[in-house]
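Below, all heavy atoms of this structure are taken into account, side chains as well, without hydrogens, waters or symmetry copies.
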Amino acid sequence: MDYKDTINLPRTAFPMKANLANREPKMLEQWEQSKLYERIQEHTAGRPLFILHDGPPYANGDIHIGHAVNKILKDMVVKSRLMAGFQAPYVPGWDCHGLPIELQVEKKVGKVGRKVDARTFRQKCRAYADRQIDLQRKGFKRLGVLGEWDDPYASRDFSYEANMVRALAEIIEGGHLSQGVKPVNWCFDCGSALAEAEIEYQDKSSPAIDVLFGAVNARKLLQVFNVDGGHDVVGIPIWTTTPWTLPANEAVALNAELEYVLVAGHWRAKNLAIVIAAELQESVVERIGLEKSELLGTCKGAALEHLQLRHPFYDHQVPVILGEHVTTEAGTGAVHTAPGHGEEDFLVGKQYDLPVTSPVGADGLFLPDVELFAGMFVWNANNDIVELLQKNSLLLNHESFLHSYPHCWRHKSPTAFRVTPQWFIDMEKVGLRARALEVIKGIRWIPAWGEERISAMVEGRPEWCISRQRTWGVPITLFMHRQSGELHPNTTQLMQRSADLIQEHGIDCWYEDDIFQRLGVDEGDYEQVKDILDVWFDSGVSHRCVLDERSGLRRPADIYLEGSDQHRGWFQSSLLTSVAMHGEAPYRQVLTHGFVVDADGRKMSKSLGNVVAPQKIMNTLGADVLRLWVAAADYSQEMSVSDEILKRVSDAYRRIRNTARFLLTNLNGFSRDQCLQATEMLPLDRWAVDNAAILQEDCIRAYDNYQFQKIYQSVHRFCGREMGAFYLDIIKDRLYTMPANSRARRSAQTAMHHIVEALVRWIAPVLSYTAEEIWQHLDDDREDSVFMTTWYEGLFTLDHPEQERANWQLLISVRDAVSRAIEQLRASGAAGSSLAVDVTLWADGAVADALETIGDELRFLLITSGATFADLKDAPSGVETIALADGNIAISVLPSAHTKCVRCWHQREDVGDTEDHPELCGRCVENVVGVGEERRVA
RNA sequence: UGUCCGGUAGCUCAGUCGGUUAGAGCUCAGGUCUGAUACGCCUGGUGUCGGAGGUUCGAUCCCUCCCCGGACAACCA
């Protein structure tokens, strides 16, 4: 007789093979069509809010693995808060203005003012950003990220642009804005500033000259070296390759720590005494041809500070200053300093309060009021200046010098630094820095070192230059008085009105001819600022433009979550604007993650060829595997990906999936109203639920603290060890062989039901597609999505948890010991399946007590055909005693001598005892034709 | 170059407020099952805890230096 039909064979439509690459897009479509995100928001209305505010990615290019990590982490946070009982809206955003898009558009339509007008250019930029948003949105959705994709925020929205202006107005009202100047890279052919990315280095030949700056008071200089007079000229020579910047000279810089020498000698029939860096003495003396040179003395650069020198051709005194940028790599060890023409010069000049002389116009011509060189083009002025120095006998040497020099990438012409007026958010004027530093302390930084990092950065940062001389961005809508340079007295009011115009028409309206008229500003008296805002300002005020504006959101957000580079970026720009506007932070917590690197810890780059595309992972292994990788990695550091790592993660995925599948197969036809009460359940099943309850506690705590890695590790371990290798393996016997409706089988199914209900929710924030797929295979009436629920509440713990858990732990250790013993028998060829053996145990202490609790059901726990135990004292002498945690045990494993029951596969003495069923053991007969066997424990 | 973060088995991660043979899961190998079947179960190996010094009775854990990797260092998000 075939007893297959009397066995409860597992059945499910839930496939073992995930085939995620095909299945996920279909699930995604379901989510979209059913408007899942919107329904979740309705469903969770009234719950406490949890706001994760999305840092906008830049709308350029297809999504890469870094984007994927960021969005997946955000999604796991949002979904876990949702499952924890919050309303957790997620409004994704995009950063749309700025240089990268300008450069992309320039490639297609050319530069503003050359081939296109600014208005058209901005239109093209806007259209480009739109296309990029569509592209990236598709990618982000495919990751399984749930959010308001139909109505995201984007900084190119008219309303966003308008609110940026309003945000700036609020900051100005707070008194944080200041005007100033700053040197920027300038192309005279473009007539505008250049971004770093627009500069390329080419070899250029420049005049290299040594110029003597004579001391105003020779005696004073000599005194430093303890030298008496008697020289025709005393001074400090500088070396420069940009003679044209000499009209802007305001100082000569030395290095405080360097050793300088005073060298005397004959030069063109004169007695010179000059100061040179000691290390460069020889080369300078040779280069300028100083004859009969002799060393008169030495000193540190610091000793010469504040000494006054004569400008080589203007009636002007300039000081000796000190700067760390002065080196002995070339020149004389004394650096010509023109704050108007160099970044370092500008910064050091600031320390010494030097005037910022900027005698060159946008076209590269010296301004009309420049003595001697008015109207002259800078590069042509080089010759005249050299001649003039020659005439003044201050040109110690003149040669041609080939060096790498920055050029405009478009015009291939040499660029220069030029100071231009700029707008700043001042860190000190109204105590912005101090307040920001204070506010930082009240925020939870994850990981904790983020606090130190951002504090150091805020402490050290210079004022924030928010103006840019560019086209694609939000205008700084200010009017300045043409004579006084003062802001219009109604500035904030005018800004509000310009914001209203922008809200309606977009940023272009600021550049229309009628803007003065529309705002009622006198064009004769006032000049319009045409600078745009730094893109960091755009995203930096997203708390104002999004959190404050959108219904359903609020400021401060509960969390900002970005890559660790954003300590300098978005975290900081957001903090500063929020503190400037409200005196408080825009977020309560800040979580940072590391960057993605390859297996060797190297960053991904096209040139190294180690780039892993998220699209490729999703189209092969599936988004859930990608998500599981994110959960498994320690996001606080660099996160490695490689084929091997993904392979490991896929293995783990399969384990979790198959565990869920096993639960589903054995719950086929089981509905929740068939669940037994805890008191009716078998102890082993209660233990299993208890185990899940413990794990759930851990998972909830881990999710609360964003420790996804812990979830991954413990859920995976749970599926593999506690379930697969122990519990599920043991209960197969009951599930398959006992009557479908028997208490012992229902008890196991009750446990499995609770476990799968809990498990599907644990994994939902990470394995969203798979969790939803499991959800759809669960019976009973239920919400149509796992994301419409919260953590499972049907789990329970044991009545005497410590004692019972310890008891089971001992039984598990007995089982492990028996497994090892069986393995030895198996190795000898005497047995294959564990059901082919009989086990005899001898135990003492707590182990004996534990065995007593399971009694004659020990064989089911061990999955052996027979299992008996006795007192350790009675153990035969030849059997080894093994020490367990709490007691000792001796084990004997022998091949069973009995016939195998064809139905339950146990080898029992009573097989064949029943005439009608000669192939069955006693309990199978009972289960097939009787009322069913009884089980007490397992 | 500077500041900060990190370097524990083939992989992902624990861990030690300094103390006997450094852990887990996976991979891998061998075995077993064929009623989770491109699955399940059992057994097993694996590490100069990045390197070199130092402090200490004793260091993977503390200190110094070095090597390797990463982030940041303003018109670049």
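Taking atom CH2 of A:Trp629 as the reference point, atom P of B:rU12 lies 11 Å away to the nearest angstrom. Atom CG in A:Leu835 sits about 11 Å away from atom P in B:rC33, given to the nearest Å. As rounded to whole Å, 19 Å separates atom P of B:rC26 from atom CG of A:Leu646. The interatomic distance linking A:Leu695 (CG) with B:rG25 (P) rounds to 15 Å, in whole Å. Taking atom CG of residue A:Asn60 and atom C1' of nucleotide B:rA77, one finds them 10 Å apart after rounding to whole Å. When rounded to the nearest whole Å, the span between CZ of A:Arg721 and P of B:rC13 equals 21 Å. One can place CG of A:Asn610 at 13 Å from C1' of B:rG69, the figure rounded to the nearest angstrom. Protein atom CD of A:Glu644 is 5 Å distant from nucleotide atom C1' of B:rC11, rounded to whole Å.
Rounded to the nearest Å, the gap between the C1' atom of B:rC67 and that of B:rC13 is 24 Å. Separation of the C1' atoms belonging to B:rU56 and B:rG18 is 9 Å when rounded to the nearest angstrom. Rounded to a whole angstrom, the distance from the P atom of B:rC62 to that of B:rC49 is 15 Å. Between B:rA52 and B:rG15, the distance separating the two P atoms is 25 Å to the nearest Å. As rounded to the nearest Å, B:rC39 and B:rC28 have P atoms that lie 11 Å from one another. For the C1' atoms, the distance linking B:rU12 with B:rG7 amounts to 15 Å, nearest Å. B:rA36 and B:rC17 have their P atoms separated by 45 Å, given to the nearest Å. B:rA24 and B:rU16 are spaced 16 Å apart, taking the C1' atom of each and rounding to whole Å.
A:Pro10 and A:Tyr736 get closest at one heavy-atom pair: CD-CE2, 3.7 Å.
The residues A:Glu823 and A:Arg826 are annotated as salt-bridged, a charged nitrogen and a carboxylate oxygen being separated by less than 4.0 angstrom. Contact check on A:Arg657 versus A:Glu773 returns a salt bridge, with a Lys/Arg side-chain nitrogen under 4.0 Å from an Asp/Glu carboxylate oxygen.
Between the side chains of A:Asp838 and A:Ser865, no donor-acceptor pair of N or O atoms lies under 3.5 Å. The closest side-chain donor-acceptor pair between A:Gln572 and A:Arg461 falls under 3.5 angstrom. Side-chain atoms of A:Trp464 and A:Asp534 form a donor-acceptor pair, as typed in the model, at a separation below 3.5 Å.
Out of B:rG25, B:rU43, B:rU12, the shortest distance to the side chain of A:His716 is found at B:rG25. Side-chain proximity of A:Glu638 to B:rC41, B:rG69, B:rC4: nearest is B:rG69. Of the listed nucleotides (B:rC4, B:rA71, B:rC13), B:rC13 has the atom at the smallest distance from the side chain of A:Gln713. Counting only heavy atoms from C-beta on, A:Trp449 has its side chain closest to B:rC4 among B:rA14, B:rA36, B:rC4. The nucleotide whose nearest atom lies closest to any side-chain atom of A:Asp729 is, among B:rG40, B:rA77, B:rC4, B:rG40. Among B:rG44, B:rA36, B:rC41, the nucleotide with an atom closest to any side-chain atom of A:Ala725 is B:rC41. The side chain of A:Ile7 lies closest to B:rG35, out of B:rA38, B:rU12, B:rG35. Closest contact between the side chain of A:Arg826 and the listed nucleotides B:rG31, B:rA77, B:rG10 involves B:rG31. When each of B:rA38, B:rA77, B:rC5 is scored by its nearest atom to the side-chain atoms of A:Tyr58, the top-ranked nucleotide is B:rA77. Of the candidate nucleotides B:rG30, B:rC4, B:rG35, B:rG30 has the atom nearest to the side chain of A:Glu823.
Stretches of at least 3 consecutive Watson-Crick or G-U wobble pairs, with each checked distance under 3.5 Å, appear in RNA chain B as B:1-7 with B:67-73, B:10-13 with B:23-26, B:28-32 with B:40-44, B:50-54 with B:62-66.
Judged by ring centres under 5.5 Å apart and planes tilted less than 30 degrees, A:Tyr712 fails to stack against the six-membered base ring of B:rG25.
Checking A:Ile863, A:Val839, A:Leu862, A:Val893 one by one against A:Ser834, the side-chain contact (heavy atoms from CB on, under 4.5 Å) holds for a single residue, A:Ile863.
For B:rC41, one of the phosphate oxygens OP1 or OP2 lies less than 4.0 angstrom from a side-chain nitrogen or oxygen of A:Arg655. Taking only side-chain nitrogens and oxygens, A:Arg602 comes nearer than 4.0 Å to OP1 or OP2 of B:rG69. Note on A:Lys710: every side-chain N or O is 4.0 Å or more away from OP1 and OP2 of B:rC13. OP1 or OP2 of B:rA14 lies within a sub-4.0 Å distance of a side-chain N or O belonging to A:Gln709. One finds no side-chain N or O of A:Lys732 lying less than 4.0 angstrom from the OP1 or OP2 phosphate oxygen of B:rG40.
Across all strands, A:Gly724 comes closer than 4.0 Å to base atoms (heavy-atom distances). The residue A:Ala652 sits apart from the nucleic acid: no heavy atom pair falls under 4.0 Å. Among the protein residues, A:Glu463 comes within range of the nucleic acid bases, having at least one heavy atom under 4.0 Å from a base atom. A:Trp570 comes within contact range of no nucleotide atom at all, as no heavy-atom separation falls under 4.0 Å. In this structure, A:Asp5 reaches neither bases nor backbone, as no heavy-atom distance under 4.0 Å exists between it and the strands shown. Residue A:Arg468 is classed as a base contact, given a heavy-atom separation below 4.0 Å to a base. Contact annotation for A:Arg903: base contact, defined as any heavy-atom pair under 4.0 Å involving a base atom. A:Thr665 comes within contact range of no nucleotide atom at all, as no heavy-atom separation falls under 4.0 Å. Among the atoms of the strands shown, only primed sugar atoms or phosphate atoms (P, OP1, OP2) are found under 4.0 Å from some heavy atom of A:Ala633. Within 4.0 Å (heavy atoms only), A:Asp534 reaches no atom of the nucleic acid at all. A:Gln707 comes within contact range of no nucleotide atom at all, as no heavy-atom separation falls under 4.0 Å.
Taking the six-membered ring for Trp and the full ring otherwise, the centers of A:Tyr153 and A:His53 sit less than 6.0 Å from each other.
The aromatic rings of A:His716 and A:Tyr712 sit parallel to each other, their planes meeting at less than 30°, with 60° as the upper class boundary. Ring-plane geometry between A:His753 and A:Phe670 is classed as tilted, the angle between the planes lying from 30 to 60 degrees on a 0 to 90 degree scale.
Annotation: A:Asn19, atom CG; neighbour count of heavy atoms from other residues, nucleotides and ligands within 6.0 Å is above 12.
Nearer the 5' end of RNA chain B, as judged by each residue's closest nucleotide, is the contact made by A:Ala831, out of A:Val902 and A:Ala831. Nearest-nucleotide positions on RNA chain B for A:Asp95 and A:Arg820 put A:Arg820 closer to the 5' end.
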Q: Check the pair A:Lys74 / A:Asp54 against salt bridge (Lys or Arg N to Asp or Glu O under 4.0 Å), numbers first and verdict last.
A: CA-CA 8 Å; A:Lys74 283 171 175 163; A:Asp54 191 37; 2.6 Å; yes
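For B:rG31, the base has no donor-acceptor partner in the side chain of A:Gln824 [N/O atoms by modelled type, under 3.5 angstrom].
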